[in-house]
A.B. asks: 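One structure, as structure tokens, below. Some questions next.
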Amino acid sequence: RAEVVEIMSGEVAATPAWAEFNIGFAAEVFRAAAAAVTAPRGEVLTDGRENVIGLAVREPLGVVAAFAPWNAPLILSARAVAAPLAAGNSVVLRPSEAAPLSSGLFVADILREAGLPDGVLNVITNDIADADVIARALVSDPRVNAVNFTGSTNVGRIIGTLAAEALKPAVLELGGKNAILVLEDADVDYAVKAAIFGAYANSGQICMSADRILVHRSLVKEFTEKFSSVVSHLPFGGHDEPGVVVGPLVSESSARRLAALIADAVAKGGTVLAGGGSVEGAIHPPTVLTDVPVGADLHHAEAFGPVCVIEAFDTDEEAVAKANDTEHGLTAGIITDNGTHGLRVAQRLRTGIVHINDQSVADDPEAPFGGVSASGYGRFGGRWGIEAFSSTRWVTLATEQMPFPG
């Protein structure tokens with residue numbers, strides 16, 4: 001644990017709490033994959049012919065090319081390799097250039113020490129200037145049989161296109177423009193706590209982070225006042241400063257990008273309710289906006305930083321329409337004291353994941369994790385991960401000679 005805290009602190013300015021969470025959850029990912037190794041891998045089929053036994057057998061794909069990002073480096077490098085290995089494949093892992101140790105080489109060293117044979121897991125690192133060439137070569141190599149990629153939607157489109165051109169299956173877990181819906185029957189104080197976590201955990205640098213908080217008109221004044229007050233008092237600063245809740249972004253350019261999105265939103269009519277202000281290096285204050293127009297870049301772009309937008313709605317239909325007003329479809333949270341009401345709304349959201357009476361950030365190594373539309377396709381987790389990195393083969397056995405003519 002101490003080594004992970006040190007590595008993630010040096011590479012991505014992770015707070016100790018975030019690094020500790022990464023190693024705990026990564027261990028759970030490997031435990032879940034280990035359990036899948038002994039799970040049944042096929043079915044006995046009913047065959048219309050007498051004296052024939054049919055089998056549907058799951059088999060490894062071969063070599064899987066895996067790409068792991070920097071934002072939850074240990075968790076996502078573990079997820080990149082665990083299910084493919086458990087399904088019987090070998091893996092070539094290309095970690096993020098921003099975190100080659102914590103999103104690649106550390107996991108490889110741990111598995112080697114645990115006894116993984118040479119050649120089963122291979123790690124390729126590269127300079128960021130060579131990323132395009134390396135990725136294209138890896139995905140296009142005829143020895144690679146499948147691809148899994150976690151990262152931005154823009155790069156995911158390229159990876160998915162290359163895989164499709166080579167007729168290789170791919171699992172793509174991409175960006176999100178996630179919403180938390182606070183319904184009219186919600187507990188406001190609980191909703192504030194949930195939304196704070198969903199928007200600002202790991203400085204908003206999680207694919208599941210809530211960019212948008214949609215609040216019923218009857219609650220929006222109370223919610224906005226309480227939420228903005230909490231955000232304005234969230235401790236932020238260097239990742240190693242005691243008590244810091246919102247640490248720095250991964251780079252100064254990321255902080256400047258976020259500041260530009262906020263400035264554009266304000267210039268087009270948006271209002272800053274808390275935060276904003278100047279950027280200091282990679283540190284951006286936790287920020288809340290409202291009245292952000294459709295024409296603002298922030299309305300469409302994934303923020304991937306400590307900022308969210310509050311917006312009011314009058315009906316469930318309007319809330320669903322606003323939540324679905326994005327090309328992405330990863331996750332959502334619905335805050336309500338009425339589970340049936342929440343489920344009715346959840347069924348109309350176009351997301352791969354939805355959490356009722358909870359916020360948008362959650363993960364479980366046994367659950368099917370992934371999105372729809374521009375958030376990607378395919379699923380990690382549990383049996384779905386094994387299925388994603390194996391193929392089904394039909395095998396029959398005739399228990400006696402078949403009655404061919406002639």
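Sequential numbering from 1 along the given sequence is applied to the chain's residues.
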A.B. asks: Rounded to the nearest 0.5 Å, how far apart are CG of Leu330 and CZ of Arg350?
C.D. replies: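 Here the rounded value is 14.5 Å.
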
A.B. asks: Would you say that more than 12 heavy atoms from the other residues, nucleotides or ligands in this model lie under 6.0 Å from the CZ of Arg348, or not?
C.D. replies: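 Yes, CZ of Arg348 has more than 12 neighbouring heavy atoms, counting only those of other groups under 6.0 Å.
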
A.B. asks: Donor-acceptor pair, distance only, cut-off 3.5 Å: does the side chain of Arg212 make one with the backbone of Val309?
C.D. replies: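 No, Arg212 side chain to Val309 backbone: no donor-acceptor pair under 3.5 Å.
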
A.B. asks: Would you say the side-chain atoms of Asp47 pair up with the backbone N or O of Ile53, donor to acceptor, closer than 3.5 Å?
C.D. replies: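 Between the backbone of Ile53 and the side chain of Asp47 there is no qualifying donor-acceptor contact (under 3.5 Å).
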
A.B. asks: Just how far is it from atom CG of Asp363 to atom CD1 of Ile206, taken to the nearest 0.5 Å?
C.D. replies: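 Separation between the atoms: 10.0 Å.
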
A.B. asks: Can you check whether Thr392 reaches Val57 side chain to side chain, under 4.5 Å on heavy atoms?
C.D. replies: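 No - every pair of side-chain heavy atoms lies 4.5 Å or more apart.
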
A.B. asks: Under the salt bridge (charged side-chain N to carboxylate O under 4.0 Å, His left out) rule, what pairs show up with a residue in residues 26-42, not counting sequence neighbours?
C.D. replies: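 Every pair satisfying salt bridge (charged side-chain N to carboxylate O under 4.0 Å, His left out) with a residue in residues 26-42: Glu28-Arg31.
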
A.B. asks: Sequence neighbours left out, what pairs pass side-chain hydrogen bond (donor to acceptor under 3.5 Å, both in side chains) with at least one residue falling in residues 197-208?
C.D. replies: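 Those involving residues 197-208 are Trp18-Asn202.
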
A.B. asks: Hey, does Val250 have a side-chain heavy atom less than 4.5 Å from the side chain of Asn71?
C.D. replies: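 With C-beta onward as the side chain, the pair stays apart.
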
A.B. asks: Between Glu20 and Arg1, does any NZ, NE, NH1 or NH2 come within less than 4.0 Å of an OD or OE carboxylate oxygen?
C.D. replies: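 So Arg1 pairs with Glu20 through a salt bridge.
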
A.B. asks: Surrounding CD1 of Ile128 (heavy atoms of other residues, nucleotides or ligands, distance under 6.0 Å), is the total greater than 12?
C.D. replies: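 Check fails, neighbour count at 12 or below.
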
A.B. asks: Can you tell me if Glu318 uses its side chain to pair, donor with acceptor, with the backbone of Asp314 under 3.5 Å?
C.D. replies: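 Such a contact is found between Glu318 side chain and Asp314 backbone.
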
A.B. asks: Strictly by side-chain hydrogen bond (donor to acceptor under 3.5 Å, both in side chains), give each pair with a member in residues 150-165 just once, sequence neighbours left out.
C.D. replies: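 Residue pairs passing side-chain hydrogen bond (donor to acceptor under 3.5 Å, both in side chains), neighbours aside: Arg79-Thr150, Thr153-His328, Arg157-Glu327.
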
A.B. asks: Does Glu11 use its side chain to pair, donor to acceptor, with the backbone of Leu101 at less than 3.5 Å?
C.D. replies: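 Flag set: sc Glu11 to bb Leu101 pair under 3.5 Å.
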
A.B. asks: How are the rings of Phe380 and Phe389 set to each other: parallel, tilted or perpendicular (split at 30° and 60°)?
C.D. replies: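 Tilted, since the angle between the ring planes falls between 30° and 60°.
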
A.B. asks: Is the side chain of Ser90 donor-acceptor paired with the backbone N or O of Val120 at a distance under 3.5 Å, no angle test?
C.D. replies: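 Answer holds: no.
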
A.B. asks: With sequence neighbours excluded, tell me which residues meet side chain to side chain contact (heavy atoms under 4.5 Å, CB included) with Ala323.
C.D. replies: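 Checked Ala323 against side chain to side chain contact (heavy atoms under 4.5 Å, CB included); matches are Ala179, Leu181, Leu214, Leu349.
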
A.B. asks: What side-chain hydrogen bond (donor to acceptor under 3.5 Å, both in side chains) pairs are there with at least one residue in residues 370-379, not counting sequence neighbours?
C.D. replies: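 Residue pairs passing side-chain hydrogen bond (donor to acceptor under 3.5 Å, both in side chains), neighbours aside: none found.
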
A.B. asks: Check whether any side-chain N or O of Ser209 sits under 3.5 Å from a backbone N or O of Ala199 as a donor-acceptor pair, and report yes or no.
C.D. replies: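 Such a contact is absent between Ser209 side chain and Ala199 backbone.
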
A.B. asks: Please step through side-chain contact (heavy atoms from CB on, under 4.5 Å) for the pair Val171 and Trp384, ending with a clear verdict.
C.D. replies: CA-CA 11 Å; Val171 175; Trp384 297 275; over 6 Å; no

A.B. asks: Counting N and O atoms only, with roles assigned by atom type, does the side chain of Asn148 sit under 3.5 Å from a partner on the main chain of Ala80, one being a donor and the other an acceptor?
C.D. replies: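 Flag set: sc Asn148 to bb Ala80 pair under 3.5 Å.
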
A.B. asks: Is the closest side-chain heavy-atom distance between Tyr190 and Asn357 below 4.5 Å?
C.D. replies: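 Sidechains of Asn357 and Tyr190: in contact.
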
A.B. asks: Applying salt bridge (charged side-chain N to carboxylate O under 4.0 Å, His left out) as the test, list every pair that has at least one member in residues 302-313; sequence neighbours left out.
C.D. replies: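 Of all non-adjacent pairs touching residues 302-313, those that pass salt bridge (charged side-chain N to carboxylate O under 4.0 Å, His left out) are Glu311-Lys322.
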
A.B. asks: Strictly by salt bridge (charged side-chain N to carboxylate O under 4.0 Å, His left out), give each pair with a member in residues 124-141 just once, sequence neighbours left out.
C.D. replies: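 Of all non-adjacent pairs touching residues 124-141, those that pass salt bridge (charged side-chain N to carboxylate O under 4.0 Å, His left out) are Asp132-Arg136, Asp141-Arg143.
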
A.B. asks: Would Arg344 and Asp316 pass as an ion pair if we require N to O under 4.0 Å?
C.D. replies: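 Result for this pair is no, no salt bridge flagged.
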
A.B. asks: So Ser232 and Leu273, do their side chains get closer than 4.5 Å, heavy atoms only?
C.D. replies: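 A side-chain contact under 4.5 Å is absent here.
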
A.B. asks: Could you tell me which non-hydrogen atom of Ile335 sits nearest to which non-hydrogen atom of Ala194, and how far apart they are?
C.D. replies: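 Heavy-atom minimum between the residues: CD1-CB, 4.0 Å.
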
A.B. asks: Taking the side chain from Ser228 and the backbone from Thr224, do they hold a donor-acceptor pair closer than 3.5 Å?
C.D. replies: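 Answer holds: yes.
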
A.B. asks: Looking at every heavy atom in both Ala78 and Val107, which two are closest together, and how far apart are they?
C.D. replies: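 Answer, listing the atom of Ala78 first, then Val107: N-CG2, 4.4 Å.
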
A.B. asks: Where is the tightest heavy-atom contact between Ala362 and Phe369, given as atom of each residue plus distance?
C.D. replies: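 Smallest heavy-atom distance, with atoms named: O-CE1, 3.9 Å.
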
A.B. asks: Between Pro293 and Ala265, which heavy-atom pair has the shortest distance, and what is it?
C.D. replies: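 For Pro293 versus Ala265, the nearest heavy atoms are CD-O, 4.2 Å.
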
A.B. asks: What residues form a side chain to side chain donor-acceptor pair (under 3.5 Å) with Asp109, not counting sequence neighbours?
C.D. replies: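 Partners of Asp109 by the side chain to side chain donor-acceptor pair (under 3.5 Å) criterion, ordered by chain and then number, come out as Arg112.
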
A.B. asks: I'd like to know if the side chain of Lys177 reaches the main chain of Asp211, judged simply by a donor and an acceptor atom lying under 3.5 Å from each other, with no hydrogens or angles considered.
C.D. replies: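 Flag not set: sc Lys177 to bb Asp211 has no pair under 3.5 Å.
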
A.B. asks: From Ile75 CD1 over to Asn22 CG, what is the distance, rounded to the nearest 0.5 angstrom?
C.D. replies: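 Rounded to the nearest 0.5 Å, the CD1-CG separation comes out at 4.0 Å.
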
A.B. asks: Are the side chains of Arg217 and Phe313 in touch, meaning some heavy atoms are under 4.5 Å apart?
C.D. replies: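 No - every pair of side-chain heavy atoms lies 4.5 Å or more apart.
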
A.B. asks: Going by the rule side chain to side chain contact (heavy atoms under 4.5 Å, CB included), which residues pair with Asn338 if we only count those two or more places apart in sequence or in a different chain?
C.D. replies: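 With neighbours one apart ignored, the set is Asp185, Thr336, Thr340, His341.
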
A.B. asks: Could you pull out the closest heavy-atom pair between Pro100 and Thr125, with the gap in Å?
C.D. replies: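 Between these two residues, the closest heavy atoms are CB-CG2, 4.1 Å.
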
A.B. asks: Just wondering, do Met402 and Arg49 contact through their side chains at under 4.5 Å, heavy atoms?
C.D. replies: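 Yes, side chains in contact.
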
A.B. asks: Does Asn145 reach the side chain of Val64, with side-chain heavy atoms less than 4.5 Å apart?
C.D. replies: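 In short, these two side chains do not touch, never coming nearer than 4.5 Å.
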
A.B. asks: Kindly indicate, with the supporting measurements, whether the criterion side-chain contact (heavy atoms from CB on, under 4.5 Å) is fulfilled by Val231 and Ile196.
C.D. replies: CA-CA 7 Å; Val231 173; Ile196 291 288; 3.4 Å; yes

A.B. asks: Which heavy atom in Val123 sits nearest to a heavy atom in Gly104, and how many Å separate them?
C.D. replies: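 What the structure gives for the nearest pair is CG2-O, 4.2 Å.
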
A.B. asks: Might you confirm whether atom CD of Glu317 has over 12 heavy atoms from other residues, nucleotides or ligands at distances under 6.0 Å?
C.D. replies: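 Atom CD in Glu317 is packed in, count exceeds 12.
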
A.B. asks: Sequence neighbours excluded, which residues qualify as side chain to side chain contact (heavy atoms under 4.5 Å, CB included) partners of Lys193?
C.D. replies: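 Applying side chain to side chain contact (heavy atoms under 4.5 Å, CB included) to Lys193 gives none.
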
A.B. asks: side-chain contact (heavy atoms from CB on, under 4.5 Å), that's the test. Do Thr396 and Leu55 meet it? Break it down for me.
C.D. replies: CA-CA 6 Å; Thr396 66; Leu55 304 173; over 6 Å; no

A.B. asks: Working to the nearest 0.5 Å, report the span between CH2 of Trp70 and CG of Leu76.
C.D. replies: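 With rounding to 0.5 Å, CH2 (Trp70) is 10.5 Å from CG (Leu76).
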
A.B. asks: Just how far is it from atom CG of Leu74 to atom CD1 of Ile23, taken to the nearest 0.5 Å?
C.D. replies: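 These two atoms lie 6.0 Å from each other.
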
A.B. asks: Using a 6.0 Å cut-off, check whether atom CD of Glu241 has over 12 heavy atoms from anything other than its own residue.
C.D. replies: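 Above 12, so yes.
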
A.B. asks: Does anything in residues 261-273 pair up under side-chain hydrogen bond (donor to acceptor under 3.5 Å, both in side chains), and if so which pairs, sequence neighbours excluded?
C.D. replies: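 Sorted pair list: Asp264-Lys268.
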
A.B. asks: Out of curiosity, Leu105 CG to Leu93 CG, how far, rounded to the nearest 0.5 Å?
C.D. replies: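 Answer for the CG-CG pair, Leu105 versus Leu93, is 8.5 Å.
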
A.B. asks: Please check if the side chain of Asn178 supplies one atom and the backbone of Thr331 the other of a donor-acceptor pair under 3.5 Å.
C.D. replies: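 Looks like yes, one N/O pair under 3.5 Å.
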
A.B. asks: Test of understanding: with side chain to side chain contact (heavy atoms under 4.5 Å, CB included), list the residues that count as partners of Ser9, not counting sequence neighbours.
C.D. replies: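 Result, side chain to side chain contact (heavy atoms under 4.5 Å, CB included) vs Ser9: His239.
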
A.B. asks: Side chains of Ser103 and Ser96: does their closest heavy-atom pair fall under 4.5 Å?
C.D. replies: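 A side-chain contact under 4.5 Å exists here.
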
